[in-house]
Amino acid sequence: MTLIGLDFDNTLVHYDKLFHQLAVEKGLIPESLSVDKTAIRNYLRSKDQEQDFTLLQGQVYGLRILEAEPAEGVLESLMTLKELGVSMVLVSHKTKVPFKGPPYDLRKAALDWLSKYGFFSSSGIGWSTSQVYFEDTKASKVSRICSL
């Protein structure tokens, strides 16, 4: 049996536009800065504002995640894999809450995003929640991948 394992952040979900939008809204970056998560992080680091980036992450991955877009072509590709009968799982190293800031439930937010884009719908990707694994550490993520 073929089993494809997928990651969540920056694999299924593309955050660059949302990071840029939120950072501009908060007055943290100039609007002209590249629409790129890494460029935003590097810019804030250069201004000794890395903590602001950490707080942005909590909001993007939690409170505002439903505004994030699927990575280009990912939904179509996963539908093709579904039609071919390929089994899939998601294994993510996603903490329950952000490192700093309000304690958004990042895992629930991720599940809500997956629901929004049809991952749990029979007419969509058709997954069950038993195909989604959130691990607390990178080591436990690697262990989960090996066990699957």
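Basis for what follows: all heavy atoms, side chains included, without hydrogens, waters or symmetry-related copies. Model, not experiment: these values are computed from the prediction.
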**Q** Mark yes when over 12 heavy atoms from residues, nucleotides or ligands other than Glu67 sit less than 6.0 Å from its CD; otherwise mark no.
**A**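 Atom CD in Glu67 is packed in, count exceeds 12.
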
**Q** Indicate yes or no: does Lys108 engage Asp112 in a salt bridge with an N to O separation below 4.0 Å.
**A**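 Yes, charged N to carboxylate O under 4.0 Å.
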
**Q** Sequence neighbours left out, what passes salt bridge (charged side-chain N to carboxylate O under 4.0 Å, His left out) with Lys17? Give chain and number order.
**A**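 Scan of Lys17 (salt bridge (charged side-chain N to carboxylate O under 4.0 Å, His left out), adjacent residues dropped) gives Glu69.
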
**Q** Under the 3.5 angstrom rule, does the side chain of Ser147 hit a backbone N or O of Arg144 as a donor-acceptor pair?
**A**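 Yes; judged by distance alone, with no hydrogens or angles, the pair exists.
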
**Q** Within the 3.5 Å criterion, strictly below it, is a donor on Asp9 or Tyr15 matched to an acceptor on the partner's side chain?
**A**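 Indeed, the side chains of Asp9 and Tyr15 share at least one donor-acceptor pair under 3.5 Å.
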
**Q** If hydrophobic clusters are built by linking Ile, Leu, Val, Met, Phe, Trp and Tyr wherever their side-chain heavy atoms come under 4.5 Å apart, do Leu84 and Val74 end up in the same one?
**A**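 Yes, it is one cluster - the side chains of Leu84 and Val74 are joined through contacts under 4.5 Å.
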
**Q** Mind checking what makes side chain to side chain donor-acceptor pair (under 3.5 Å) contact with Glu25, not counting sequence neighbours?
**A**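 In terms of side chain to side chain donor-acceptor pair (under 3.5 Å), with neighbours along the sequence ignored, Glu25 is linked to Gln21, Arg64.
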
**Q** I'd like to know if Arg41 pairs up with Asp52 as an ion pair, taking the criterion as any Lys NZ or Arg NE/NH1/NH2 lying under 4.0 Å from an Asp or Glu carboxylate oxygen.
**A**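 No, no charged N to carboxylate O under 4.0 Å.
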
**Q** If you look at every heavy atom in Leu12 and Leu78, which pair is closest and at what distance?
**A**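 Leu12 and Leu78 have their closest heavy atoms at CD2-CD1, 3.9 Å.
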
**Q** Can you list everything that forms a ring-ring contact (aromatic ring centres under 6.0 Å, His included) with Tyr43? Sequence neighbours excluded, please.
**A**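 Testing Tyr43 for ring-ring contact (aromatic ring centres under 6.0 Å, His included), a comparison that skips the adjacent residues, returns none.
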
**Q** Walk me through it: do Thr137 and Ser140 pass the test side-chain hydrogen bond (donor to acceptor under 3.5 Å, both in side chains)?
**A** CA-CA 5 Å; Thr137 66; Ser140 61; 2.9 Å; yes

**Q** Return the minimal non-hydrogen interatomic distance between Phe19 and Lys37, and the atom names on each side.
**A**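 So the two residues come closest at CE1-CD, 3.7 Å.
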
**Q** Kindly compute the distance separating CZ (Arg107) from OH (Tyr61), expressed to the nearest 0.5 Å.
**A**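 Answer rounded to 0.5 Å: 15.0 Å.
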
